[in-house]
Protein chains: 2
Amino acid sequence: MMSAAAARTDGPANFSWVNPAVPASERHLETHEPLVHEGDDTHYFYEVLEGIVSSYKIFADGRRQIVSFAFPGDLIGFSQGNTYRYDCEAIAPSRVRALPKTSLLRSIRERPEIGEKLLALAAAEVAYFEDHSINLGRKSALERIASFLLNIIERAGFGDAESVKLQLPISRLDMADFLGLTIETVSRSMTKLRTRGIIELPQTTTLVVSNMDRLRDLAECDEECP
Amino acid sequence: MMSAAAARTDGPANFSWVNPAVPASERHLETHEPLVHEGDDTHYFYEVLEGIVSSYKIFADGRRQIVSFAFPGDLIGFSQGNTYRYDCEAIAPSRVRALPKTSLLRSIRERPEIGEKLLALAAAEVAYFEDHSINLGRKSALERIASFLLNIIERAGFGDAESVKLQLPISRLDMADFLGLTIETVSRSMTKLRTRGIIELPQTTTLVVSNMDRLRDLAECDEECP
DNA sequence: CGTGAGGTTGATCGCTTTCAACGGAGGTGG
DNA sequence: CCACCTCCGTTGAAAGCGATCAACCTCACG
């Protein structure tokens, strides 16, 4: 089994390449501490260095949908126009680096390869959303959970392992609001995965996937008897 | 009431700016005619000139999810890596222009503003998917339909009108597979909008929105009694 | 040891799906 | 010209999955 500590030796990608001359200030965020609010001017992009930052929308009647999770290496804000379209807040203790938007965009003119890199990043994000919309549109609760866990595992670099153990610092509520479900359904799906022998949950934040193949089958909707 | 014919006088955006020297060949597509298949090499991007092209995934058990509709002015393929991740086909008679991928990307080096323009395009696409994931994750069937119709209307440039009449060359099945619903639910939702006096359907492909405000309320989930 | 937040489990409800029948528009051939 | 057929959309009845309401559990923390 691979352990989470072993993989990230290379560390996440970072945007120091953007422009060494650009002033970039770091900021620490506690769990549930907001980073930006809907309507804020997009003066800065934020690179996540540590932790997880969510962006979400809350309806007038209280419904909430988490639009995305930003993990270390991810960039927040470039999909926005002049103002942020969603609230963003940390869902775990996090560290972010603020990058002035204007100087980042200006540097594209001087160094086209930056534009290319940002374009690749944007393309990856579009691809991610395409897959996610398939999850939300056509997969059952159990399949969504399986897809989500698998995706977390792949992002952490354990996609090829047969079994995996890692920390999952995402609450049931956050998972639910990201996957378009309720906490109860998330909880029940996790138990179902557990009783089927696909995962173990020593603690609620520790995830052990003992059978990656069956998790993949579920996520890809290739399961014989769902 | 605004009519559909009146608005598009300026015509859709196009990519002739990319590189006049780039050979770009046009292609006509009949309804249901495939453009690319999952796994195809991404040799070309395609700009939609006319009609609507869908990209979608079909599961082993027959479930289908349409990931996106590409309207005139939209670019297909830049979210992909070296191979297309989804099937694409026309859902209405369409015309597309093939743009060689390599020369398009090479031109970024020579003319950084092209990278900027593509980046803006990608950002808009991400923003679109963010909103769509809210639709799929948290909105009811009726609210999804309302959001979808409103979005079509806004794309056509009638977002500010009080009432609108336009052609809707998208079948119930395509709407259903895009919104994560079934044809029956789409049909029932459309009749519900009709009986509530929000829309009229002279023919199944002709949409008249008589009360844009109430459509907006529904789409934004601000309705008093849903 | 009390308290509160987060998670699990059970019972019931309701929206969407599923299964089924019907209707209208367009096309084809007798 | 009309019978027939097929495709697409609509409507009805029943079933099912996830939501809702509610109780209980666990653990961290004061």
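By convention in this document, chain letters (A, B, ...) are assigned in the order of the sequence lines, proteins followed by strands, and residues within each chain are numbered from 1. Side chains are part of it too, since the values below use all heavy atoms of this structure and drop only hydrogens, waters and symmetry mates.
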Legend entry - Atom of B:Phe45, atom of B:Tyr84 and distance for their closest heavy-atom approach: CA-OH, 4.1 Å
Legend entry - Residues that B:Ser147 engages under side-chain contact (heavy atoms from CB on, under 4.5 Å), provided they are two or more places apart: B:Asn135, B:Lys139, B:Ala219
Please tabulate the protein-to-nucleotide N/O contacts below 3.5 Å involving nucleotides 14-18 of chain D, giving atom names and distances.
from, atom 1, to, atom 2, distance (Å)
D:dG18, OP1, A:Ala141, N, 2.8

Inset, instruction - Under the side-chain hydrogen bond (donor to acceptor under 3.5 Å, both in side chains) rule, collect the residues that match up with B:Glu130, sequence neighbours excluded. - result: A:Ser79, A:Arg85
Inset, instruction - Mark yes or no for whether B:Ser94, through its side chain, and B:Ile52, through its backbone, hold a donor-acceptor pair below 3.5 Å. - result: yes
Legend entry - D:dG9 base / B:Arg188 side chain donor-acceptor hit below 3.5 Å: no
Legend entry - Spacing of B:Ile183 atom CD1 relative to D:dG12 atom P, expressed in whole Å: 16 Å
Legend entry - Charged N-O contact under 4.0 Å between A:Arg214 and A:Asp217: no
Legend entry - B/S/- contact track for nucleotides 22-30 of chain D, protein heavy atom under 4.0 Å: B--------
Legend entry - A:Asp87: partners by salt bridge (Lys or Arg N to Asp or Glu O under 4.0 Å), with sequence neighbours left out: none
Inset, instruction - Please tell me which of A:Arg138 and A:Thr191 maps to the more 5' nucleotide of DNA chain C, matching each residue to the nucleotide holding its nearest heavy atom. - result: A:Thr191
Legend entry - Set of salt bridge (Lys or Arg N to Asp or Glu O under 4.0 Å) partners for B:Arg27, sequence neighbours left out: none
Legend entry - Whole-Å gap separating P (D:dG9) and CG (B:Leu201): 11 Å
Inset, instruction - Any salt bridge (charged side-chain N to carboxylate O under 4.0 Å, His left out) involving residues 30-46 of chain A? Give me the pairs, sequence neighbours left out, ordered by first then second residue. - result: none
Legend entry - Under 3.5 Å donor-acceptor, A:Ser55 side chain and A:Cys88 backbone: no
Inset, instruction - Return each pair, listed once, that meets salt bridge (charged side-chain N to carboxylate O under 4.0 Å, His left out) where at least one residue sits in residues 48-57 of chain A; pairs must be two or more places apart or across chains. - result: A:Glu50-A:Arg95
Inset, instruction - State, to 0.1 Å, how close B:Thr182 and B:Ala176 come at their nearest heavy-atom pair, and which atoms those are. - result: C-CB, 3.5 Å
Legend entry - Which residues share a salt bridge (Lys or Arg N to Asp or Glu O under 4.0 Å) with B:Arg194, sequence neighbours left out: none
Enumerate all atom pairs, one protein N or O and one N or O from nucleotides 5-8 of chain D, separated by less than 3.5 Å.
none

Inset, instruction - Could you tell me from which nucleotide to which nucleotide of DNA chain C, 5' to 3', there is an atom under 4.0 Å from chain A heavy atoms? - result: C:dG7 to C:dA11
Legend entry - Contacts of B:Arg138 that satisfy salt bridge (Lys or Arg N to Asp or Glu O under 4.0 Å) - sequence neighbours left out: A:Asp177
